[in-house]
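Here's the structure, in C-alpha cells; my notes come after.
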Protein chains: 4
Amino acid sequence: MLLEIHPSSPVPIYRQIVEQVRRAVASGQLRPGDDLESVRAVALAHAINPMTVSKAYALLEGEGLLERRRGAGMVVAQSRGSEPVRERLRMLEPHLESAARVARELGIDPERALEEFRRRLGAPSKGNPK
Amino acid sequence: MLLEIHPSSPVPIYRQIVEQVRRAVASGQLRPGDDLESVRAVALAHAINPMTVSKAYALLEGEGLLERRRGAGMVVAQSRGSEPVRERLRMLEPHLESAARVARELGIDPERALEEFRRRLGAPSKGNPK
Amino acid sequence: MLLEIHPSSPVPIYRQIVEQVRRAVASGQLRPGDDLESVRAVALAHAINPMTVSKAYALLEGEGLLERRRGAGMVVAQSRGSEPVRERLRMLEPHLESAARVARELGIDPERALEEFRRRLGAPSKGNPK
Amino acid sequence: MLLEIHPSSPVPIYRQIVEQVRRAVASGQLRPGDDLESVRAVALAHAINPMTVSKAYALLEGEGLLERRRGAGMVVAQSRGSEPVRERLRMLEPHLESAARVARELGIDPERALEEFRRRLGAPSKGNPK
DNA sequence: GTGGTCTAGACCACT
DNA sequence: GTGGTCTAGACCACG
C-alpha cells in the first residue's frame with residue numbers, strides 16, 4: 001500500500017496514516033491477512049519518526065482493524081474486510097457535506113462546482129490537498 | 001450573517017468563524033460597510049468563549065477584511081468586497097480535491113460520488129459536517 | 001481521584017492509568033462531568049513523563065470514556081456513568097479466573113485460597129502487586 | 001503435563017510456559033526426573049514457534065528447575081521437588097492481591113467477590129483468562 | 001493555564 | 001528482524 005503523507009497539512013501525520021489505512025481496508029485494497037509495511041519502513045520512506053507511525057498502528061489495532069503478529073509486524077484483522085458500498089458512502093459523506101457547504105457559502109453555481117468535482121475525481125492527486 | 005459552529009469539530013472554533021466570514025464576504029453575502037454581530041452576541045448565541053470570537057475578529061482585522069469602528073464594533077472593510085468567481089473557485093478547490101481524494105481511496109464510483117455531491121449542493125446543511 | 005502507579009510493574013504505566021480510570025468511572029468514584037487531574041499534574045505527582053499520561057488520556061478519549069474540553073482539560077463523558085454490578089463483575093471476572101487458575105495449578109486448598117483472598121479484600125493495597 | 005497457551009494474552013507465550021512449569025513442579029504435578037514434552041511437540045501442539053518453547057525451557061534450565069539430558073530432552077532437576085504449602089502460597093499471593101485490588105477499585109461487595117472466586121476455584125478453566 | 005504533536009534516542013520484549 | 005515503552009525537550013494550538 002502506498003501512503004501519501006503531507007507533513008505540512010493541519011491534520012496530524014499519524015491521523016493521515018490512520019485514515020488512509022482505514023479507507024484502504026474499506027475499499028478492499030488491503031485485505032484480511034495482508035501485512036502492512038513495517039513501522040520502520042514507513043518511517044524511513046517518508047522521513048518521519050517511527051513513533052509517529054507506531055502511534056497510528058496502535059490506534060488501528062485499538063479499533064480492531066489491525067492485529068499484531070508478535071515479532072512479525074501488523075496484519076489486517078481477519079474480521080475486518082472491505083466494506084459494502086453503502087458503508088463506504090457513509091465514510092465519504094462528511095467530506096462531501098463539508099465541500100458542499102463551502103460551495104454554498106461561497107455562492108458558487110452548483111453546476112460549476114460539480115464540473116470541478118468531476119474533473120478531480122478522475123485525475124490522481126497533485127500538490128498539497130487540504 | 002448566520003454562523004454555524006460545531007464545537008466538537010476538529011477544526012478550532014475561531015477558525016470556523018474566520019473561514020465563514022471570509023466566505024461570506026467573498027460571496028457578497030456580507031458587503032463593505034456591513035457590521036458584524038458583536039463579540040458578546042456571537043459568544044452568547046453559540047455558548048462559546050468571547051475570547052474565541054475576539055481572536056477570530058482580530059485575525060480578520062489583521063488581514064484587512066474587517067475594520068474596527070470605535071464604539072461600534074467591526075464592519076467589513078471598504079476595500080474588501082466580493083470576489084470574482086475565479087477567486088471563489090480557488091477558495092473551494094482544496095475542499096473539492098480533499099473530498100475527491102477520499103472518494104478515490106474508498107474506490108467509490110465517480111458517478112455515484114457526483115450524484116451524492118449534487119444532492120448536498122442543493123440542500124441546506126444537516127447534522128454535523130466534518 | 002488517586003492513582004497508584006507501579007513503575008516496575010510489567011504492565012505499562014499508561015495502561016495502569018487507563019485501567020484505574022476505567023474502574024473509577026465504572027464504580028462511580030468518578031462521575032460524568034468530573035474533571036480529571038491535568039496531564040502535567042499527574043506527571044509531576046508520580047514523576048513520570050507527561051506524554052505517558054497523555055497517551056493514557058488519549059486512549060480513554062478514544063473509547064469515549066473521557067471528553068476533551070478544549071483549553072480546560074479532560075472530563076468524564078456525560079454518556080458514560082457508573083456501571084451496574086453485573087457489568088462490574090464482568091470486568092473483575094478475568095482477574096478472578098486468572099488467580100483461580102494459578103491456585104489450581106499450585107494445588108492449593110480452595111478454602112486456604114479463599115481465606116487469603118478474603119484478607120486482601122479488606123485491607124488497602126501495600127507493596128508492589130503484580 | 002498439559003499446557004494452556006493463550007496467544008492473544010498480553011503475557012508473552014514463553015512466560016506462560018515458564019510459569020506453568022514452575023507451578024507444576026511446585027505442586028508436585030511434575031516430579032524430579034519426569035521428562036517434559038519436547039520443544040517440537042509443544043510447538044506443534046500449540047501452533048507456536050519452537051524458538052519460543054526453547055526460550056522458556058532455557059530460562060527454566062537457567063534457574064535450575066530443569067536439566068538437559070543429552071539426546072533425551074529436558075527433565076525436572078533432581079534437586080527441585082515440590083514446594084511446601086507456605087511457599088506455594090507465596091507464589092499465589094501477588095495474583096490474589098492483584099485481583100483484590102481490582103475488586104476494591106470496582107467497588108464490588110467483598111462477599112460477592114469471594115462467592116465468585118469460590119465458584120472458579122472449583123471449576124476447570126473455561127474461555128480466555130487474562 | 002490546558003492538551004497535542006513530533007523528534008531523537010535509548011532500551012526492552014518477542015519471534 | 002518486528003513493535004512497544006518511556007524519556008527529554010521543543011513547539012504549537014486552544015481558551
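Below, all heavy atoms of this structure are taken into account, side chains as well, without hydrogens, waters or symmetry copies. So you know, we letter chains A, B, ... as the sequences are listed, proteins then strands, and number each from 1.
- Considering every non-hydrogen atom in both S79(C) and G64(C), the closest pair reads OG-O, 4.4 Å.
- Across the protein-nucleic acid pair, M74(C) atom CE and dT2(E) atom P stand 13 Å apart, rounded to whole Å.
- Residue T52(A) places at least one side-chain N or O closer than 4.0 Å to OP1 or OP2 of dT7(E).
- Distance L59(C) CG to dG4(F) C1': 13 Å, rounded to the nearest Å.
- Summarising the geometry, the separation between CG on L44(C) and P on dA8(F) is reported as 12 Å, rounded to the nearest angstrom.
- Donor-acceptor pairing under 3.5 Å is recorded for the side chains of H6(C) and E4(C).
- Of the candidate nucleotides dT5(E), dT5(F), dT7(E), dT5(E) has the atom lying nearest to any side-chain atom of Y14(A).
- One donor-acceptor pair, N or O on each side, does fall under 3.5 Å between the base of dG3(F) and the side chain of R40(A).
- Close to dG3(E), at under 4.0 Å from its OP1 or OP2, lies no side-chain N or O of R68(C).
- Looking at H46(C), its side chain never comes within 3.5 Å of a backbone N or O of A41(C) through a donor-acceptor pair.
- Between the CD1 atom of I48(A) and the P atom of dA8(E) there is a distance of 11 Å, given to the nearest Å.
- Of the candidate nucleotides dG4(E), dC6(E), dT5(F), dG4(E) has the atom nearest to the side chain of S54(C).
- Atom CE in M74(B) sits 10.5 Å away from atom CZ in R69(B) (nearest 0.5 Å).
- Remark: C1' of dC11(E) and CG of N49(C) are 15 Å apart, rounded to the nearest angstrom.
- The side chain of K55(C) approaches dT5(F) more closely than any other nucleotide in the set dG3(E), dT7(F), dT5(F).
- From L2(B), atom CG reaches atom CD of Q20(B) across 9.0 Å, with rounding to the nearest 0.5 Å.
- Among the atoms of the strands shown, only primed sugar atoms or phosphate atoms (P, OP1, OP2) are found under 4.0 Å from some heavy atom of I13(C).
- Whole-Å rounding puts the E61(A) CD to dT2(F) P distance at 17 Å.
- Heavy-atom distances to DNA chain E give each of G73(C) and R70(A) a nearest nucleotide, and the one nearer the 5′ end belongs to G73(C).
- Mapped onto DNA chain E by nearest heavy atom, A47(A) and A72(C) fall at different nucleotides, with A72(C) at the one closer to the 5' end.
- We find that CE of M51(C) is positioned 14 Å from P of dG4(F), with the value rounded to whole Å.
- Closest contact between the side chain of S38(C) and the listed nucleotides dG3(E), dT7(E), dC6(E) involves dG3(E).
- Atom CD1 in I17(C) sits about 13 Å away from atom P in dT5(F), given to the nearest Å.
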